[in-house]
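To start, the structure under review is shown below, and the notes come after it.
Since this is a predicted model, take the numbers as computed values, not measurements. Proteins come first, then strands; the chains are lettered A, B, ... in the order of their sequence lines, and each starts at number 1.
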2 protein chains.
Amino acid sequence: MSEWLLKYKGFDPDQEGLREALCTLGNGYFATRGAAAEAEDDGVHYPGTYLAGGYNRLTSHVEGQAIENEDLVNIPNWLPLNFRIDDGDWFTIANVTLDSYEQTLDMHEGILHRKVEFTDQTGKKLRYHSRRLVHMGFPHLAAIQLTLTPLNFTGTIEFRSALDGTVTNNGVPRYRKLEDKHLDPLETHVHNDTILLTVITNQSRIEISQAARTRVYSDGQLLDPERTTDSDKAQIAQNLKLDAKQGQPLTVEKIVTLYTSRDHAISNSSIEALKDARNAKTFNELADTHKLAWENLWSRIKVDLQNTYEEEKVQMQAVLNLYTFHILQTTSRHSIDLDVGVPSRGWHGEAYRGHILWDELFIFPFLNIRMPSIGRALLLYRYRRLKEARAAAREQGYKGAMFPWQSGSNGREESQKIHYNPKSGRWIPDNSRLQRHVNAAIAYNVWKYYEATADISFLCNHGAEMIWEIARFWSSKATWNEDLQRYEIHRVMGPDEYHDGYPDTDEPGLNNNSYTNIMVVWLMNKALKLYELLPEYRAKELSHVLGITKEETERWKHISQRMRIVFHGDGIISQFEGYDKLQEFDWEGYKKRYGNIQRLDRILESEDDTPNRYKLAKQADVLMLFYLFSSEQLNDLFTQLGYEFDRETIPRNINYYIDRTSHGSTLSWVAHSWVLSRSDREGSWDLFKKALQSDIADIQGGTTPEGIHLGAMAGTVALVQKAYTGMDTRDDTLVLNPCLPEHLAKLELRMVYRGHPLFVKVETHKLTITKLCDCPGPVNLDFRGKMKKLNAGQTLEFKL
Amino acid sequence: MSEWLLKYKGFDPDQEGLREALCTLGNGYFATRGAAAEAEDDGVHYPGTYLAGGYNRLTSHVEGQAIENEDLVNIPNWLPLNFRIDDGDWFTIANVTLDSYEQTLDMHEGILHRKVEFTDQTGKKLRYHSRRLVHMGFPHLAAIQLTLTPLNFTGTIEFRSALDGTVTNNGVPRYRKLEDKHLDPLETHVHNDTILLTVITNQSRIEISQAARTRVYSDGQLLDPERTTDSDKAQIAQNLKLDAKQGQPLTVEKIVTLYTSRDHAISNSSIEALKDARNAKTFNELADTHKLAWENLWSRIKVDLQNTYEEEKVQMQAVLNLYTFHILQTTSRHSIDLDVGVPSRGWHGEAYRGHILWDELFIFPFLNIRMPSIGRALLLYRYRRLKEARAAAREQGYKGAMFPWQSGSNGREESQKIHYNPKSGRWIPDNSRLQRHVNAAIAYNVWKYYEATADISFLCNHGAEMIWEIARFWSSKATWNEDLQRYEIHRVMGPDEYHDGYPDTDEPGLNNNSYTNIMVVWLMNKALKLYELLPEYRAKELSHVLGITKEETERWKHISQRMRIVFHGDGIISQFEGYDKLQEFDWEGYKKRYGNIQRLDRILESEDDTPNRYKLAKQADVLMLFYLFSSEQLNDLFTQLGYEFDRETIPRNINYYIDRTSHGSTLSWVAHSWVLSRSDREGSWDLFKKALQSDIADIQGGTTPEGIHLGAMAGTVALVQKAYTGMDTRDDTLVLNPCLPEHLAKLELRMVYRGHPLFVKVETHKLTITKLCDCPGPVNLDFRGKMKKLNAGQTLEFKL
């Protein structure tokens with residue numbers, strides 16, 4: 001066991017989907033283009049079987065853009081590398097006897113290893129060893145090295161190295177009825193040891209070129225085998241036939257390059273792909289530079305945990321590394337220059353069809369203080385879609401900008417209108433687009449990015465416009481209740497997707513979702529605060545361009561003071577107006593009857609019932625407020641509205657809602673562990689461990705093979721780096737107030753705050769923070785209310 | 001006369017090329033896609049005539065990428081809007097009698113007006129008034145509004161609104177033998193009042209979609225005329241026939257949208273173009289938002305001159321505004337998110353075929369303290385082409401990165417190998433690619449950008465890598481002269497393109513060009529300084545990734561101390577080794593014989609002679625050092641090398657070289673005016689006025705119609721904002737040391753220094769500087785050696 005290795009011994013076809021999702025390789029570029037290296041496709045398995053079997057997830061979305069149904073895009077398989085002995089059948093795992101099988105993802109070097117020994121149907125024994133990488137230094141490049149050793153025979157080995165443009169998107173079983181063919185072939189081409197395939201996506205018309213250079217070595221010497229090429233317009237393969245001697249390894253290296261028509265600095269995609277493939281170095285040289293790139297990444301981004309429980313120690317660090325590994329592969333410096341968001345399932349999972357949802361809210365706390373330039377790129381992705389968000393608001397009769405719940409390539413709403421319940425076999429209405437709170441999340445991300453970076457130029461040129469346009473949307477969405485003298489927000493959904501309307505009515509949506517209403521109050525504060533933060537001339541100029549009137553900003557102010565929040569019982573913040581009238585749910589009965597009741601929505605619907613009737617939740621809703629805001633901030637917000645907020649409000653509400661949650665979303669463990677991190681360290685630790693299990697053990701029962709849960713992964717890492725360090729950004733101050741779980745002895749990480757690289761170490765009784773550069777200006781620190789300045793090269797220690 | 005209007009009365013076909021170049025509209029996006037609105041193409045002129053006559057420059061380069069010969073790209077004409085009366089011939093300016101003609105470019109609002117009255121061959125009189133814009137707020141949009149009034153008849157008017165994909169690139173006469181057709185048609189489409197044309201460029205395979213919505217109004221009322229559409233695959237036109245009454249104006253509005261396959265946030269280019277055209281507002285509404293965008297730009301960027309000579313005052317300000325207008329149209333916030341450089345002739349001129357040269361050296365001094373985010377985008381354009389620069393260095397046996405003299409789309413060298421001398425009719429070898437000094441210019445731009453912005457994140461992630469890789473190139477290019485114990489640089493060209501080798505030898509290149517050698521010394525200083533500036537971990541990490549060894553940096557240090565500089569005569573810095581052995585040139589004789597001798601290279605070659613034999617220069621070479629460095633900086637550089645540098649060195653060299661310069665480049669006036677600005681204010685002022693004439697009067701005799709000289713324009717504006725204010729950035733200090741020409745009473749401009757917006761006013765005896773925001777941190781000012789801090793909202797005054 002090592003903290004850097006994810007190891008599988010033995011081969012279990014039933015586990016392949018999960019294994020492949022977790023062992024996916026990427027580098028931000030390849031990943032966004034969907035050509036992440038997948039586990040089943042390097043020739044060990046017969047591609048046909050797996051393509052037909054639903055595992056061709058190598059294939060995915062193009063260009064980091066959310067994609068609608070008719071837009072789903074496959075990338076041509078780029079690593080089909082197969083072989084056959086003595087002109088026999090091409091290798092198929094089903095037709096051989098496995099003598100040993102070991103697959104290892106080495107996260108430290110970013111390489112996937114596979115070591116297999118097998119005996120074929122004619123009794124020939126072979127040793128197979130492959131290594132593959134998606135290069136973290138040269139974004140357009142991936143490579144596989146495969147070494148075959150005949151163990152008990154001498155004969156011929158023929159390698160087949162192909163590029164395949166006929167792949168389809170069928171990785172998610174319940175999407176199989178959707179169009180799954182998204183590529184039209186353009187050209188194939190061969191040039192000595194290099195082949196080229198160019199295809200074009202059939203809706204978005206993005207050209208994709210891949211080139212593959214295939215070379216064979218024996219004893220380190222380059223061989224010059226006979227090559228035959230077969231191709232049609234949609235695929236091309238080169239066959240290399242060699243004499244193989246017993247005990248003598250033959251090594252084939254396939255170096256693949258990928259360019260699309262959306263890449264910068266190209267002549268055209270096929271010229272660049274060919275040029276790079278032909279000029280590429282050997283696998284070993286590439287592996288060296290690739291490892292170096294990963295080393296540098298890890299040295300900056302790894303979160304070091306020292307668990308006091310020896311038995312959990314390595315495993316916990318390994319999973320934390322795995323989660324970090326996937327974040328670093330999905331969003332990297334290579335994706336900054338593209339126009340991409342972060343889809344819920346990373347870039348290689350087909351679930352949600354590549355759409356962009358609100359997951360950034362869980363990813364920004366990680367990015368802001370580790371890799372802020374990636375956060376900036378994600379916000380620009382939203383900024384570029386303001387036009388569509390404005391059009392959507394206008395279409396519904398609102399002002400400003402209304403970003404969609406599921407965002408498609410050009411920013412249009414792509415939420416499904418009906419969805420399928422596999423439990424009942426029924427298609428049911430889907431109102432999830434009413435989760436307008438995504439518009440608060442985007443503004444929140446803008447603000448937190450600014451707080452963490454002091455990037456005033458971003459705020460001036462992009463951020464302020466987003467916040468103001470979103471504020472306008474909410475201002476037009478809010479209505480004035482003359483009787484109560486309060487503003488209300490009607491017909492929305494909160495984060496808890498189990499409630500999409502009131503029982504016994506067909507009209508969707510709920511009124512006064514507390515999470516939404518408080519977020520809007522916070523947003524109005526920030527929208528107004530911008531008038532102080534921006535240089536005066538810019539605030540004037542932008543207000544003028546957007547046509548923001550004095551009346552509007554006065555209404556924002558009024559909303560921020562008079563928004564309605566509904567309470568029930570003894571100081572419980574109602575999830576929404578009328579929540580108190582719902583029935584309590586029979587948790588014990590259902591647990592007994594169904595075992596796993598995470599997806600109560602499907603269970604109840606299959607019983608002709610609906611979660612709308614009950615006091616239950618899929619995931620944190622009211623509790624999201626405690627996830628996003630400190631108790632001081634919440635106290636300020638409620639007080640500003642004229643509501644009481646006492647010290648007991650938070651634990652009271654946590655206890656109330658946590659008892660009524662099924663954790664039907666992987667994000668739920670993260671949010672709940674977070675809110676308990678101070679009040680119930682033991683309970684929080686248990687939930688944290690569950691969060692660490694959610695993908696590795698596929699605890700939702702089958703959704704990980706459809707793609708990792710990137711928000712949950714990032715949220716889990718952010719939990720460690722934020723909740724346990726008590727880290728927050730507030731105005732121009734970095735707040736630190738560590739509170740380690742009992743089970744942790746030490747926590748170490750590097751951060752970047754407002755351009756200053758910092759090193760933070762939390763031990764049980766000590767916090768140490770060092771500024772790692774000479775850059776001018778101090779960092780303002782708030783340690784438990786005490787203000788300190790951290791200067792160049794300085795280290796500060798605080799007793800805990 | 002107004003400082004905002006460029007007005008032409010009367011119509012002179014011979015002047016159309018110049019007029020059209022100066023009246024080009026753009027917005028950074030449209031411009032980079034080449035679809036700048038051109039003067040001859042709105043229906044006043046018969047397109048056929050002008051297309052055949054070489055004026056179809058509406059048409060140009062795609063995607064802001066430098067383009068090689070076979071890549072030259074035309075954008076379909078997007079404003080062919082013609083008309084005919086009573087089913088007669090389509091309007092042609094050649095076939096009517098012009099009663100009056102006035103064309104006005106209103107720079108303040110960014111609108112081109114044309115007012116014409118004419119009588120056709122049948123005696124019908126019409127009044128024609130058109131306004132056109134390329135929208136500065138909505139980058140994908142341009143529009144024309146054309147109002148026709150029958151003055152002496154009643155009949156029918158038929159408008160024809162077309163999109164034309166058959167345009168060619170033939171704007172530069174001497175390129176006519178090159179391939180000029182670069183578009184393949186893909187589709188045309190009509191939807192009610194909107195037509196669509198999609199084409200694809202035939203080498204780079206960039207898809208371009210344009211949609212046009214055409215509507216007709218009378219008295220503000222939308223009419224519903226009969227529409228007929230005719231189209232083939234490459235063009236589409238909609239004809240609208242209406243009854244026209246004497247004295248009653250008919251107004252047609254054509255709103256055009258443009259998207260390419262390289263745009264962000266699109267579904268595909270045709271969907272977006274169609275959607276935007278259909279949803280567009282009316283011309284008047286668009287004009288309002290367009291004007292507002294321009295107002296905001298001007299309020300920030302205008303340089304206000306108060307000339308004491310009343311007769312020059314308005315004209316001088318008008319030309320300065322015109323130059324600024326073209327910069328703002330070529331590089332704008334709309335080009336930041338694209339992958340574009342700045343070509344020498346802007347984006348609409350076809351000369352240099354869209355290649356990127358070293359003009360940025362003249363543009364950065366303008367951008368760095370006015371619109372630094374555009375500067376950053378230009379540097380990223382270079383950064384993305386590092387791979388190609390590295391390959392070019394390796395190919396020539398050098399290390400590091402060698403950027404090309406003329407940079408093509410993917411960063412490859414695109415300098416011509418032969419060029420045409422129209423004077424002799426001969427093709428002669430072109431060695432201009434030996435101007436390796438572009439590699440010093442790029443590093444210089446990186447450094448000055450950093451000094452002006454303190455953008456350490458850019459330096460860490462991009463800038464340092466560029467500087468170090470360029471330093472490596474020069475280090476491998478420099479050779480050690482054991483006899484002299486000095487480093488030398490052989491076989492290069494300096495900025496003066498008249499010297500590309502030694503006389504009486506066929507081997508191209510010169511040794512020890514002083515400009516190059518000093519730039520390399522400066523570069524080595526900065527490459528080493530980076531080790532102090534970057535956070536230590538980042539310096540280590542990047543050195544490791546690039547494989548920079550201790551030996552290498554020691555060699556850099558050594559080069560910075562032991563570079564050879566050649567002198568001759570009485571302290572004259574030799575332009576290159578052996579310059580002193582060249583013959584003096586018979587300036588008077590040639591001036592008498594040829595009149596304009598700016599292009600002496602062509603004259604001498606046509607006489608079977610060569611400039612290589614003479615002490616003459618096309619443009620500043622040694623003097624570029626005084627353009628880029630202050631006397632203190634030069635003193636430090638020469639002293640560090642162990643050479644003497646006394647107070648008289650600068651004026652002595654200025655006098656020596658200025659007498660030997662033909663000003664064959666428009667950049668020459670700028671550089672020379674700059675270097676004289678302190679020592680010879682009167683002479684400097686004269687050259688400044690020449691620089692202000694260079695495009696407006698086309699003083700090079702015919703090159704302006706091939707495209708404006710953007711470097712000279714930007715350099716001229718920068719001259720005012722830098723030389724006259726004595727403004728420089730040095731480390732973390734803003735240096736100000738104003739010295740107004742006698743003819744200026746006042747100079748006012750807004751700046752941004754390290755994120756702080758500033759207002760600077762220079763009067764004859766007073767300098768006033770105000771910080772326009774509350775952002776934290778002071779600005780460090782150096783006023784004539786005295787250090788001051790300028791705090792939030794503060795104003796400082798200095799006596800001059």
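Neither the backbone nor the side chain of Phe458(B) has a heavy atom closer than 4.5 Å to any heavy atom of chain A. Both the backbone and the side chain of His544(A) come within contact range of chain B, judged by heavy atoms closer than 4.5 Å. In this structure, the portion of Ile271(A) lying under 4.5 Å from any heavy atom of chain B is its side chain and not its backbone. Residue contact with chain A, scored on non-hydrogen atoms closer than 4.5 Å, involves the side chain of Lys387(B) exclusively. Heavy-atom distances place the side chain of Arg750(B), and not its backbone, under 4.5 Å from chain A. Only the side chain of Glu207(B) comes within less than 4.5 Å of a heavy atom in chain A; its backbone stays farther off. Both the backbone and the side chain of Ser270(B) come within contact range of chain A, judged by heavy atoms closer than 4.5 Å. Heavy atoms closer than 4.5 Å to chain B are found nowhere in Asn279(A), neither backbone nor side chain.
For the set Asp774(B), Leu380(B), Ile456(B), Asp276(B), the entry with the most heavy-atom pairs within less than 4.5 Å of chain A is Asp276(B). Of the listed residues (Val545(B), Asp732(B), Leu772(B)), the one with the most heavy-atom contacts under 4.5 Å to chain A is Val545(B). Counting heavy-atom pairs under 4.5 Å between each of Glu536(B), Glu272(B), Arg300(B) and chain A puts Arg300(B) at the top. The candidate with the highest count of non-hydrogen atom pairs below 4.5 Å against chain A, out of Pro757(B), Gly777(B), Cys773(B), is Pro757(B).
Atoms CD and NZ, on Glu388(B) and Lys275(A) in that order, are 3.5 Å from each other to the nearest 0.5 Å. To the nearest 0.5 Å, atom CZ of residue Arg262(A) and atom CD1 of residue Ile266(B) are 5.0 Å apart. In this structure, CG on Leu186(B) lies 7.0 Å from CZ on Arg205(A), to the nearest 0.5 angstrom. A distance of 12.0 Å separates CG of Asn410(B) from CG of Asp263(A), quoted to the nearest 0.5 Å. The distance from the CD atom of Glu541(B) to the CD atom of Glu295(A) is 10.0 Å, given to the nearest 0.5 Å. Note that the CG atom of Asp337(B) and the CG atom of Asp337(A) stand 8.5 Å from one another [nearest 0.5 Å].
Remark: Glu395(A) CD is loosely packed, at most 12 non-hydrogen atoms of other residues, nucleotides or ligands lying under 6.0 Å away. The number of heavy atoms from other shown groups lying within 6.0 Å of CZ (Arg384(B)) is above 12.
The nearest pair of heavy atoms linking Arg412(A) to Ser267(B) is NH1-CB, 4.2 Å.
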